[in-house]
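Order of listing sets the numbers, starting from 1, for every ligand and every atom in it.
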Amino acid sequence: MKIVIAPIFRTCLKLSDASTIKSLVKATGFFRDCEIDIAEELIVTQLANSNAGYRFVFTEVDNLVIGYACWGKTPCTESTWDLYWVAVHPNYSNKGLGKVILNFVENDIRLSGGKSLIAETSSLNKYSSTRIFYERCNYRIASVVSDFYDNGDDKIIFRKFLD
Ligand SMILES: CC(C)(COP(=O)(O)OP(=O)(O)OC[C@H]1O[C@@H](n2cnc3c(N)ncnc32)[C@H](O)[C@@H]1OP(=O)(O)O)[C@@H](O)C(=O)NCCC(=O)NCCS
C-alpha cells in the first residue's frame with residue numbers, strides 16, 4: 001500500500017461535479033475531447049435522472065476532487081457490471097489511489113450481487129500504463145476486438161470475477 005494521502009470518499013453527486021470531472025479527465029492527458037464530453041454527460045444524465053443507473057465515487061482532499069470512478073450494471077445481464085471511468089489526477093497518480101478507488105467500486109458491486117466487472121481500454125502504447133494498472137488490480141484480458149477504435153487500435157476488454 002503506497003498511499004500517503006487520506007482522501008474522503010463521496011458517493012452523492014453535486015452540481016459542480018460535471019465541470020470538476022471534465023477538468024480532471026482533461027488533466028490526465030489521456031482522453032480525446034469526445035471522451036471528455038462523455039465523462040461530463042454521464043454526470044449530467046445521473047443528476048437529471050437518479051434512476052439512470054450510473055454510480056460514482058469521488059475522492060477528495062481539502063474539498064478538491066483528486067480521483068473518481070463511474071460504473072453501472074450492464075443492461076440485460078444477470079450480474080455483469082461495467083467500469084465506465086476511473087481516473088486519478090496526475091499530481092496524485094502512482095500513490096495507490098486508483099487501486100483504492102477500484103476496490104471501492106468492486107465492493108459496491110459485490111454488495112449489489114454483481115459477479116464480474118468489465119473494463120475496456122485501447123491497445124495503443126499510450127495506454128500501456130492503463131493496461132498495467134488493470135493487470136496489477138487482477139483484471140485479465142477476456143477479449144480483444146481488433147481495429148475497434150481505428151486501424152491498429154484494438155479494444156482490450158479486461159474482466160475481473162468478484163468473489
Ligand atoms: C490508471 C489510473 C486510474 C491509475 O491510478 P493510480 O492511482 O496512478 O494507480 P495506483 O497507484 O493505484 O497503481 C496501482 C498499480 O498499478 C501500477 N501502475 C499504475 N500506473 C502505472 C504506470 N504508469 N506504470 C506502471 N505501473 C503503473 C502501480 O505500480 C500499482 O501496482 P502495484 O499495486 O503492484 O504496486 C491513473 O493513472 C489514471 O487516471 N490514468 C489516466 C486515465 C485512465 O487511463 N483511466 C482508465 C481508463 S478509464
Ring centres under 6.0 angstrom apart (Y84, Y54): yes

Using a 4.0 Å cutoff against the non-hydrogen atoms of [X], which atoms of ligand 1 qualify?
X	result
S93	8 (O)
A87	39 (O)
K95	11 (O)
K99	12 (O), 32 (P), 33 (O)
T130	43 (C), 44 (O), 46 (C), 47 (C)
N94	6 (P), 7 (O), 8 (O), 11 (O), 19 (C), 28 (C), 29 (O)

Side chain to side chain, Y68 and T59, heavy atoms closer than 4.5 Å: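 With C-beta onward as the side chain, the pair stays apart.
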
Partner set under ring pair (Phe, Tyr, Trp, His ring centres under 6.0 Å) for Y127, not counting sequence neighbours: F30

Donor-acceptor pair between S146 and D154 side chains, under 3.5 angstrom: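 Checked: S146/D154 side chains show no N/O donor-acceptor pair below 3.5 Å.
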
For ligand 1, find out whether one of its N or O atoms is nearer than 3.5 Å to an N or O atom of [X].
X	result
G96	yes
Y92	no
E120	no

F56 and F58 aromatic ring geometry - parallel, tilted or perpendicular at 30°/60° bounds: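 Parallel.
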
Mutual orientation of the aromatic rings belonging to F158 and Y134 [parallel < 30°, tilted 30-60°, perpendicular > 60°]: tilted

Other residues, nucleotides, ligands: >12 heavy atoms within 6.0 Å of L15 CG: no

Residue portion contacting ligand 1 (non-hydrogen atoms closer than 4.0 Å) for [X]:
X	answer
F31	side chain
Y134	side chain
F133	both

Closest to atom 34 (O) of ligand 1 among K126, E35, R136 (heavy-atom distance): R136

Closest to atom 25 (C) of ligand 1 (judged by heavy-atom distance), picking from I132, V86, N103: I132

Residues D17, K22: salt bridge by 4.0 Å N-O rule: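 Looking at D17 and K22, the cut-off is not met.
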
T77 backbone acceptor or donor facing K73 side chain under 3.5 Å: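 It does hold such a pair.
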
